[in-house]
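The structure appears below as structure tokens.
In what follows, every chain begins at residue 1, and chains take the letters A, B, ... in the order their sequences are listed.
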2 protein chains.
Amino acid sequence: MADVAARAGVTKQTVSNVVSGKKVRPETLAKVNKAIADLGYKPNLVARSLRTGSTSTVGLFVPSVANPFYSEVVEEVENLLVGRGYNLLLATTRDDPDYTRAHLENLAARSVDALLVACDNGVAQQIPMLVEAAFPVALFAWEGDPPTTLPVVSIDYEHAGFLAGRYLRDLGHRNVAVIADLPAHTPRVAGLRRAFADDGLAIDDHKVFACIRDDAVGGFDAGRAALEADPDVTAIFATHDILAVGAVEAVVRSGRQVPGDVSIVGFDDIAQVGQIQPALTTITVPKREMAQQAVELLLRAVDSGRPPTNVFTLLRPTLTIRDSSAPPRAT
Amino acid sequence: MADVAARAGVTKQTVSNVVSGKKVRPETLAKVNKAIADLGYKPNLVARSLRTGSTSTVGLFVPSVANPFYSEVVEEVENLLVGRGYNLLLATTRDDPDYTRAHLENLAARSVDALLVACDNGVAQQIPMLVEAAFPVALFAWEGDPPTTLPVVSIDYEHAGFLAGRYLRDLGHRNVAVIADLPAHTPRVAGLRRAFADDGLAIDDHKVFACIRDDAVGGFDAGRAALEADPDVTAIFATHDILAVGAVEAVVRSGRQVPGDVSIVGFDDIAQVGQIQPALTTITVPKREMAQQAVELLLRAVDSGRPPTNVFTLLRPTLTIRDSSAPPRAT
DNA sequence: TTGAAAGCGCTAACAT
DNA sequence: ATGTTAGCGCTTTCAA
């Protein structure tokens with residue numbers, strides 16, 4: 001920068017003004033730009049960050065990127081950040097409080113401008129640290145008790161579960177099994193139960209099958225267990241789509257049809273489940289909108305220099321009916 | 001840091017030595033550590049980076065994270081980096097040279113320590129800039145002509161296509177259609193063709209269907225087109241698994257069976273295709289091993305302070321036979 | 001082993 | 001509109 005200044009016959013400050021687009025006389029601008037071009041000067045953003053305390057970098061914590069729900073989120077967040085001139089520092093938290101803490105301290109020491117955090121158990125245990133961060137923090141897709149001390153953009157997971165339950169109930173299903181990632185998805189299951197309870201019905205604990213593995217194989221195993229425990233089950237609610245995919249396979253392999261014999265309802269509406277056969281009936285979670293609102297919230301705080309407004313925003317999940325659900329077969 | 005030094009009765013330098021784990025007398029160490037704890041001191045990594053020119057951050061360029069192939073890669077890279085104390089700066093290149101260039105300049109200005117770049121057309125056009133980067137750069141999963149000026153960790157895509165072709169040929173298939181993401185996957189198709197050409201057979205151009213969309217719907221459309229163009233097709237090779245999933249659906253919806261009437265072979269072996277029904281026969285690409293080798297290569301260069309060894313590493317793709325392929329029905 | 005001085009490249013604040 | 005001065009927090013160099 002000093003070289004550029006010397007060559008243009010101005011001071012470093014003027015070069016700085018040019019680089020950061022401040023008011024400069026046109027002729028000075030031309031001189032400086034020429035010197036910049038001649039010398040191939042590139043500003044050092046680390047130095048700028050040291051001086052300004054801002055890095056144009058936003059951290060994103062997700063439990064994992066292997067899950068398509070989160071890869072869609074990552075994609076969306078990256079889009080939004082790039083559009084506004086920010087970089088994405090990605091960290092996976094893996095449901096582990098220690099990982100989360102380590103990442104958090106690292107981000108703090110790097111002075112990221114903001115942090116967006118997806119729900120996970122490891123994170124939940126580090127809420128106090130998040131609250132004390134020197135930069136704006138927002139939570140999203142938060143299931144379970146959200147802290148009141150941080151802004152949250154989420155959906156009402158219990159209500160989403162209710163939507164699935166009401167739908168199955170109104171179709172006429174009375175013998176419903178649940179395969180679930182527990183305890184994480186407890187609210188989804190509770191909502192489903194409430195829909196049936198409203199009608200004087202109930203879903204017993206022994207109809208709820210917790211998955212050992214959190215993938216299609218886990219869904220398959222739990223689905224098979226559900227069918228073996230009660231062959232008359234007419235519907236299965238899976239607390240997320242990947243489990244639902246496994247459940248579909250368990251049903252089909254048992255010689256039953258979807259949705260003829262057994263209806264399946266998933267949760268999340270990840271991109272691929274609308275395209276496979278049978279297209280999955282599922283709860284559509286507005287992930288991209290959540291990401292958008294959370295990013296907006298954060299960047300507004302960054303721009304204004306004030307802490308983010310401590311809002312609790314709930315977006316509306318919807319039921320998307322496709323080909324995996326139907327009324328129960330008449331007996 | 002000055003505060004800590006004052007409180008411990010030493011100089012900043014000694015504090016620095018303590019923080020970076022250099023030799024310090026035990027009693028001094030104790031004093032300094034106490035002062036650090038008392039004041040809740042956290043080193044400022046931006047300042048350190050300015051001084052040392054290293055940020056403990058590695059950039060990763062992928063075309064997109066929505067594609068499970070790349071989300072697996074991202075996950076693996078993040079794992080490896082965290083394990084070695086590095087951060088992950090993620091950028092999506094979207095097949096766009098301008099995006100790529102912008103990201104690249106940004107990373108350079110931020111002095112990342114290294115950059116890992118997945119193949120994509122937008123990147124290919126920016127190779128000269130990559131070569132001139134001040135930090136180590138490695139390419140991976142490179143299809144098509146890899147530049148000789150940068151280290152590459154990849155597989156032989158043509159050979160991988162050959163494996164698929166030889167398998168189908170040896171099963172007895174003679175009427176094979178291809179659905180492909182073109183021109184990106186030209187080598188995969190070429191390999192398939194070579195396998196058949198070896199045997200005096202050929203796959204005509206009109207048996208190769210380029211996908212309009214790069215998702216399951218695109219695979220479905222292309223699959224349907226292939227079946228309509230020639231109802232006697234006995235096998236379909238899809239140049240990646242997502243397309244294959246769509247192709248399976250096209251076959252099933254046409255009233256045919258997989259693999260009874262039509263065999264389907266995919267490419268990539270993304271996690272979910274081993275779990276869905278029918279489990280997909282596919283070319284297993286060692287993505288995680290590629291990521292691992294590329295990361296190793298880069299970090300070795302970073303640690304040694306020398307440019308990365310300009311190697312061209314080819315890992316071995318394998319054929320994974322599952323349930324979507326069988327000999328053609330006897331006529 | 002520890003201390004003192006200098007400077008990485010930039011921008012904020014003020015003076016001109 | 002531009003120049004001057006100072007300093008962000010750290011590490012490197014050299015001296016003690």
For the pair made of [atom1] in [X] and [atom2] in [N], what is the distance, rounded to whole Å?
X	N	atom1	atom2	result
B:R48	C:dC10	CZ	P	21 Å
B:R51	C:dG9	CZ	C1'	11 Å
A:K42	C:dC8	NZ	C1'	20 Å
A:L39	C:dG9	CG	C1'	15 Å
B:E27	C:dT1	CD	P	12 Å
B:K12	C:dA4	NZ	P	12 Å
B:Q13	C:dT1	CD	P	13 Å
B:L29	C:dT1	CG	P	12 Å

Comparing B:N17 and A:N17 on DNA chain C - which has the more 5′ nearest nucleotide:
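On the 5' side of the pair lies B:N17.
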Determine the contact category for [X]: base if any of its heavy atoms lies under 4.0 Å from a base atom, sugar-phosphate if only primed atoms, P, OP1 or OP2 are that close, otherwise nothing.
X	result
B:T14	sugar-phosphate
A:V24	sugar-phosphate
A:V10	sugar-phosphate

Presence of salt bridge, [Y] and [X], under 4.0 angstrom:
X	Y	result
B:R101	B:E105	yes
B:R288	B:E72	yes
A:E75	A:K287	no
B:R94	A:E78	yes
B:K12	B:D3	no
A:K34	A:D38	yes

Contact boundaries on DNA chain D for chain B, cut-off under 4.0 Å to non-hydrogen atoms:
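Range of nucleotides within reach of chain B: D:dG9 to D:dT12.
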Would you call the rings of A:H103 and A:F61 parallel, tilted or perpendicular, taking 30° and 60° as the class edges?
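Ring orientation of A:H103 relative to A:F61: tilted.
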With a 4.0 Å limit, can you tell me whether B:R25 has a side-chain N or O closer than that to the phosphate oxygens OP1/OP2 of C:dT1?
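Negative; the distance criterion is not met.
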